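In each ligand, atom 1 is the first atom listed, and ligand 1 is the first ligand listed. Small disclaimer: the values here were computed from a predicted structure and weren't measured. These numbers come from the heavy atoms of this one structure, side chains and all, not from hydrogens, waters or symmetry mates.
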Amino acid sequence: MAMDKILIEGGKRLEGTVRASGAKNAALPAMTAALLADGVTTIRNVPRLRDIQAMGDLLEILGCRFQMEEDVLRVDARGASSFEAPYDIVRKMRASIYVLGPLLARFGKARVSLPGGCSIGDRPIDLHVRGMRSLGARVELKHGYIVAEADSLRGAEVDLVGPRGSSVGATVNVLAAASLARGVTRILGAAKEPEVAEFARILQGMGARVEGAGTRTLTVEGVDRLEGGEFSIIPDRIEAGTFLMAAAITGGRVTVTGCVPSHMESTLEALKRANVQVEAEDDSVIAAGTAPIKPIELVTGPYPEFPTDMQAQITALLCLARGVSRLTDHIYPDRFIHVRELIRLGARITRIGAQVEIVGVDGLSGAPVMASDLRASAALVLAGLAAQGVTQVLRVYHIDRGYEQIERKLSSLGARIWREKE
Ligand code: UD1
């Protein structure tokens, strides 16, 4: 694999307009829903990202036909023949586990590799297992795989409240499986993320009977079969939020268009508290970082609370606040690898358990840094935009998993950012 690095010459104020791409985290579950269809599923507004390609590869391994042209993707699942998601794919992209429910519903069997840990910490699967068992499946963990079997899935009451709140992935898996189960399923403690609500709507469009999308309790009445359909993916609230932070950290002014401001309320609220000027309109948000950044206290949580997927990026911003910020990530208490790298750029951050204390500094200075995961790399790019001199972000393939053409989009806002071979 060719290794790229991103170089940034910091200190340019970003100005202009940028459009949000479709949400990776809505597109991935939509692709797994296609596995349930007795037909072709067309998905529009899909971002061109490595994770999407990886999910496409997985669907092909499972026997589907997968095709992507521009931002339109087609999955024909009629020929699906395998029920095994191998380690080689799952270890690269944890969302592969979202095929567990669809495979079980379709084949009565599923073998999905255990994801193991990753650079953001432990990734347990107990809620997925509990969900499948509640629907009547036998589930075992054998030879590094989740092995699930059910002669027929039956609707039931499924409690998905976990130690860290709700789970996006477990909710998606249970929704998929329950759609083709016999009888009625009630999911308690469901995740309310917009991407989950979107998944429920897509299932409905395929003929599923789901009620309560976007709330804690979902009701699913199983049907005999689901059909393909045509869907368009919601905008990426995390990508959009990252561009707003790019405006803030460079003291610039950026309009993000094609987004859904109501999906981003906790992020907009945090930016406002940090003294960033934020204005939301129907489908766009303007952020201006004209005043000094103020320190804030912030805790991540399940939607609608502040997303863990924005934690690294706002950490970068708060490095330049006038005072001491405190940030706690209860969703992934080990998701702080970016901290060491930010310190290399001149940040003052100390970590105690799941909390970091960020003492604002007057400026950052460019240096080579190493990306460790998707959002961490975004944080390093943000820091680089504000740092004096040149910042090199190595292992940039992490960023290509989740940001479509980030250097092009940032260049169009006036950033000096480019890509080179490592
Ligand atoms: C999704 C997102 C990811 C985001 C995460 C949390 C996709 C493709 N990925 O991941 O970007 O960071 O939501 O918003 O949409 N948990 C358990 N047991 C389980 C499953 C999860 O305890 O069986 C815990 C997790 O460790 C975590 C919390 O529940 O603390 C939320 O995880 P979950 O919502 O499942 O994350 P993903 O669906 O993997």
Side-chain angles (χ1 to χ4, degrees), residues 22-33 46-47 49-52 54-55 58 89-101 112 114-134 139 141 146 148 158-176 187 189-199 216 233-234 236-239 241-242 263 266-267 299-313 328-336 354 373-379 398-399 401-403:
K24 165 181 85 82
N25 286 355
L28 290 173
M31 290 170 77
T32 71
V46 178
L49 298 170
R50 285 169 53 101
D51 272 10
I52 299 292
M55 185 61 89
L58 175 55
I89 299 249
V90 180
R91 76 186 164 84
K92 281 189 222 139
M93 184 189 48
R94 153 145 187 133
S96 311
I97 197 188
Y98 293 10
V99 299
L100 176 64
V112 177
L114 284 163
C118 67
S119 59
I120 75 174
D122 279 349
R123 307 293 295 255
I125 49 120
D126 53 309
L127 298 173
H128 299 258
V129 172
R130 195 205 287 173
M132 296 305 111
R133 282 190 179 141
S134 305
V139 186
L141 306 181
I146 307 165
V158 182
D159 178 359
L160 287 183
V161 179
R164 306 200 176 277
S166 54
S167 159
V168 171
T171 307
V172 163
N173 267 328
V174 172
L175 265 176
I187 308 176
K192 298 202 293 187
E193 269 69 3
E195 294 77 16
V196 177
E198 175 78 352
F199 184 69
R216 279 267 164 270
I233 294 301
I234 53 172
D236 195 319
R237 60 193 168 102
I238 306 299
E239 188 210 24
T242 303
H263 290 170
S266 58
T267 297
V299 181
T300 67
Y303 187 84
E305 291 171 51
F306 190 83
T308 173
D309 285 352
M310 292 285 340
Q311 180 260 109
Q313 299 91 313
T328 309
D329 196 336
H330 283 315
I331 305 291
Y332 294 117
D334 289 317
R335 190 178 207 175
F336 289 109
D373 76 70
L374 171 52
R375 306 304 168 187
S377 19
H398 287 295
I399 217 167
R401 289 187 38 216
Y403 288 88

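- Contacts between Asp126 and ligand 1, counted as non-hydrogen atom pairs separated by less than 4.0 Å, involve both the backbone and the side chain.
- Assignment of Tyr98 to the shell around ligand 1 is supported, since a heavy atom sits closer than 4.0 Å.
- Checked against a 3.5 angstrom limit, the closest N/O atoms of Lys24 and ligand 1 fall outside it.
- Among all protein heavy atoms, the one lying closest to atom 12 (O) of ligand 1 is Asp309 OD1, 2.6 Å.
- Counting atoms of ligand 1 from 1 in the listed order, those under 4.0 Å from a heavy atom of Ser166 are 31 (C).
- Taking every non-hydrogen atom of Thr308 and a distance limit under 4.0 Å, the qualifying atoms of ligand 1 come out as 6 (C), 12 (O), 14 (O).
- Residue contacts with ligand 1: Asn25 is placed with a nitrogen or oxygen under 3.5 Å of a nitrogen or oxygen of the ligand (distance criterion only).
- Proximity of Glu195 to ligand 1, defined as any heavy-atom pair under 4.0 Å, is not found for any part of the residue.
- Here's the thing with Ser167: one of its N/O atoms is less than 3.5 angstrom from an N/O atom of ligand 1.
- Atoms of ligand 1 lying under 4.0 Å from any heavy atom of Gly169, numbered from 1 in the order shown and given with element: 35 (O), 38 (O).
- Looking only at heavy atoms of the protein, atom 28 (C) of ligand 1 is closest to Ile331 CG2, 4.0 Å.
- When each atom of ligand 1 is checked for a heavy atom of Ala95 under 4.0 Å away, the hits are 8 (C).
- Residue Leu127 approaches ligand 1 through these ligand atoms, each under 4.0 Å from one of its heavy atoms: 17 (C), 18 (N), 19 (C), 23 (O).
- Residue Arg123 places a heavy atom less than 4.0 Å from ligand 1.
- Interface of Arg335 with ligand 1, defined as ligand atoms under 4.0 Å from a residue heavy atom, comprises 12 (O).
- Put simply, the side chain of Met310 reaches to within 4.5 Å of the side chain of Thr242, judged on heavy atoms.
- Residue-ligand proximity, Arg164 to ligand 1, at heavy-atom distances under 4.0 Å covers atoms 30 (O).
- Counting protein heavy atoms only, atom 32 (O) of ligand 1 is closest to Tyr332 OH, 3.5 Å.
- At a 3.5 angstrom cut-off on N or O pairs, Val168 counts as close to ligand 1.
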